[in-house]
Amino acid sequence: MKITVRPATIEDHLLYLRLLPELGVDDPPPDAARWASELLPTTLVAERAGEALGVCTWVKLEGSGHVRTLIVDPRERRTGAGRALLEVVERRLRGAGCTSWALNVKPENVAAIRLYVSLGFRRAYASVALRLDWAAVEHLPVSPRVLARAVTPEDDASLEQLFSLPAGQVAGLRQSKRVLLTLVNDAGQVTALSAFNPSYPGAFPFRAKEPVLARALLEAMRPHALAGAQWTGLVVEDDDALVALLRAHGATVRMNIDHYVGPL
């Protein structure tokens with residue numbers, strides 16, 4: 001029977017929660033409120049004869065799109081459900097004027113990568129998801145003198161250009177209630193950026209112009225951590241030196257991720 005794709009409904013929250021463990025990540029599942037406000041508007045469901053096969057969540061930025069999750073029921077893999085979902089996302093993004101799209105995938109997920117490559121995606125860089133105990137921060141190298149400050153909407157465009165982020169990403173993170181922080185040196189130059197989610201807890205992106213700035217950025221984040229939090233997650237993108245520094249001071253690798261980008 002033909003696979004069809006439809007917009008998700010509020011009732012599909014349970015479907016999403018059932019399939020989410022297939023991603024093999026330890027991110028906290030979205031509650032009903034977050035599902036309804038943040039994920040539902042851009043979530044699609046693949047079906048065959050009324051039976052759900054998989055889900056895909058995506059987000060439109062300014063001129064580009066990002067596939068947040070693509071999850072197919074293990075019993076329905078390699079049936080075309082994943083491709084059907086992505087093809088609908090592709091059409092919607094292209095119709096909205098986007099010229100590129102991106103996604104993240106575990107490097108060992110060979111079947112998924114094969115699908116993405118067939119749709120025009122190409123690997124751009126590697127990222128690493130880390131976990132660091134707050135107690136380890138004081139053992140990191142002392143950072144040069146910098147001032148930590150909150151990000152304002154007026155900062156968004158310059159930060160996206162400075163750190164090679166998609167246009168609109170910082171505004172989207174603000175809407176998702178992230179704590180947005182930068183470091184500024186004595187010359188007034190921005191040297192680091194963090195989008196911290198206390199409820200996870202974790203920071204993505206976590207960017208620094210020099211690895212030695214990691215301590216100052218973490219110290220700026222820590223007051224925003226929930227009471228009793230013993231650790232934080234960090235996603236470091238395309239920065240082997242920063243990963244090496246953090247691992248040398250106790251950070252552990254949760255996951256390796258490859259970032260793929262494709263034209264629309």
Side-chain angles (χ1 to χ4, degrees), residues 1-20 22-23 25 27 30 34-107 109-125 127 160 164-173 175-176 204 237 257-264:
M1 284 188 177
K2 182 180 179 181
I3 294 173
T4 58
V5 175
R6 62 167 174 81
T9 67
I10 194 70
E11 290 79 13
D12 290 316
H13 182 218
L14 293 179
L15 168 67
Y16 187 82
L17 294 182
R18 176 173 68 82
L19 293 178
L20 190 59
E22 297 300 323
L23 291 179
V25 300
D27 294 0
R34 182 179 168 224
W35 164 259
S37 65
E38 187 177 332
L39 300 176
L40 177 59
T42 53
T43 297
L44 300 170
V45 177
E47 290 184 328
R48 185 194 303 111
E51 180 180 355
L53 310 177
V55 297
C56 182
T57 66
W58 53 282
V59 61
K60 175 190 173 294
L61 301 173
E62 296 177 15
S64 67
H66 183 79
V67 179
R68 301 171 77 168
T69 57
L70 175 65
I71 323 171
V72 175
D73 189 301
R75 298 167 297 181
E76 300 294 341
R77 288 174 184 162
R78 298 176 179 82
T79 63
R83 180 178 293 275
L85 286 163
L86 288 174
E87 286 177 346
V88 173
V89 173
E90 182 181 26
R91 289 196 296 271
R92 292 194 175 190
L93 290 173
R94 189 180 289 121
C98 295
T99 58
S100 67
W101 57 338
L103 52 79
N104 293 318
V105 60
K106 293 180 179 179
N109 194 344
V110 177
I113 291 171
R114 187 179 300 117
L115 169 62
Y116 303 149
V117 169
S118 74
L119 291 169
F121 285 94
R122 296 293 182 267
R123 183 180 181 275
Y125 55 77
S127 303
E160 288 162 354
S164 301
L165 300 174
Q169 182 173 347
V170 176
L173 291 165
Q175 292 172 3
S176 299
F204 169 75
E237 303 169 279
I257 310 162
D258 282 342
H259 185 72
Y260 279 70
V261 178
L264 286 170

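Throughout, residue positions are numbered sequentially from 1 according to the sequence presented.
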*asked:* R48 vs E76, test: side-chain contact (heavy atoms from CB on, under 4.5 Å). Steps then yes/no.
replied: CA-CA 10 Å; R48 185 194 303 111; E76 300 294 341; 3.3 Å; yes
*Under the side-chain contact (heavy atoms from CB on, under 4.5 Å) rule, what do V117 and R122 come out as? Steps first, then yes or no, please.*
CA-CA 6 Å; V117 169; R122 296 293 182 267; 3.4 Å; yes
*asked:* Between R92 and T42, is there a side-chain heavy-atom distance shorter than 4.5 Å?
replied: no
*Side-chain contact test, heavy atoms from C-beta onward, threshold under 4.5 Å: evaluate it for N104 versus D258 and give yes or no.*
no
*Looking only at non-hydrogen atoms, find the nearest pair between V89 and W101 and report the distance.*
CG1-CZ3, 4.0 Å
*Spacing of I257 atom CD1 and N109 atom CG [to the nearest 0.5 Å]*: 12.5 Å
*First locate atom CZ of R18, then atom CD1 of I71, and finally report the distance between them rounded to the nearest 0.5 Å.*
10.5 Å
*Do the side chains of R83 and L115 get nearer than 4.5 Å, heavy atoms only?*
yes
*Any side-chain heavy atom of P166 sitting closer than 4.5 Å to one from E62?*
no
_Atom of V105, atom of A112 and distance for their closest heavy-atom approach_ = CG2-CB, 4.3 Å
*Heavy atoms, side chains only, cut-off 4.5 Å: are W58 and R68 in contact?*
no
*Salt bridge between E22 and R77, side-chain N to carboxylate O under 4.0 Å?*
yes
*Any idea which heavy atoms bring A46 and I3 closest together, and the distance?*
CB-CG2, 4.2 Å
*At what distance, to the nearest 0.5 angstrom, does OH of Y260 lie from OH of Y125?*
13.0 Å
*Does S64 use its side chain to pair, donor to acceptor, with the backbone of L61 at less than 3.5 Å?*
no
*Establish, from distance only, whether the side-chain atoms of T69 and T57 form a donor-acceptor pair under 3.5 Å.*
yes
*Not counting sequence neighbours, which residues clear salt bridge (charged side-chain N to carboxylate O under 4.0 Å, His left out) with R75? List them please.*
D73
*asked:* Test your reading of the model: is there a side-chain donor-acceptor pair from H259 to the backbone of E237, 3.5 Å cut-off?
replied: no
*T9 OG1 to L40 CG distance, which is reported to the nearest 0.5 Å*: 7.0 Å
*Should V55 and L19 count as side-chain neighbours, where that means a heavy-atom distance under 4.5 Å?*
yes
_Residue pair G54 / L85: nearest heavy atoms and the distance that separates them_ = C-CD1, 3.9 Å
_Expected output: side-chain E90 to main-chain L264 donor-acceptor under 3.5 Å_ = no
*Can you check whether I10 reaches W35 side chain to side chain, under 4.5 Å on heavy atoms?*
yes
*Do F121 and L103 come within less than 4.5 Å of each other through their side chains, counting heavy atoms only?*
yes
*What's the spacing between E87 CD and C56 SG if we round to 0.5 Å?*
11.5 Å
*Roughly how far, to the nearest 0.5 Å, is the OG atom of S118 from the CD1 atom of I113?*
12.0 Å
*asked:* Could you go through D12 and R6, starting from their C-alpha distance and side-chain angles, then the distance that decides it, and tell me whether this counts as salt bridge (charged side-chain N to carboxylate O under 4.0 Å, His left out)?
replied: CA-CA 11 Å; D12 290 316; R6 62 167 174 81; 2.8 Å; yes
*Is there a donor-acceptor pair closer than 3.5 Å between any side-chain N or O of K106 and the backbone N or O of L23?*
yes
_How close do A49 and M1 get, counting heavy atoms only, and between which atoms?_
CB-SD, 3.4 Å
*Please report the shortest heavy-atom distance between P30 and L17, naming the atom on each side.*
O-CD2, 3.8 Å
*Side chains of R94 and T99, donor plus acceptor under 3.5 Å*: no
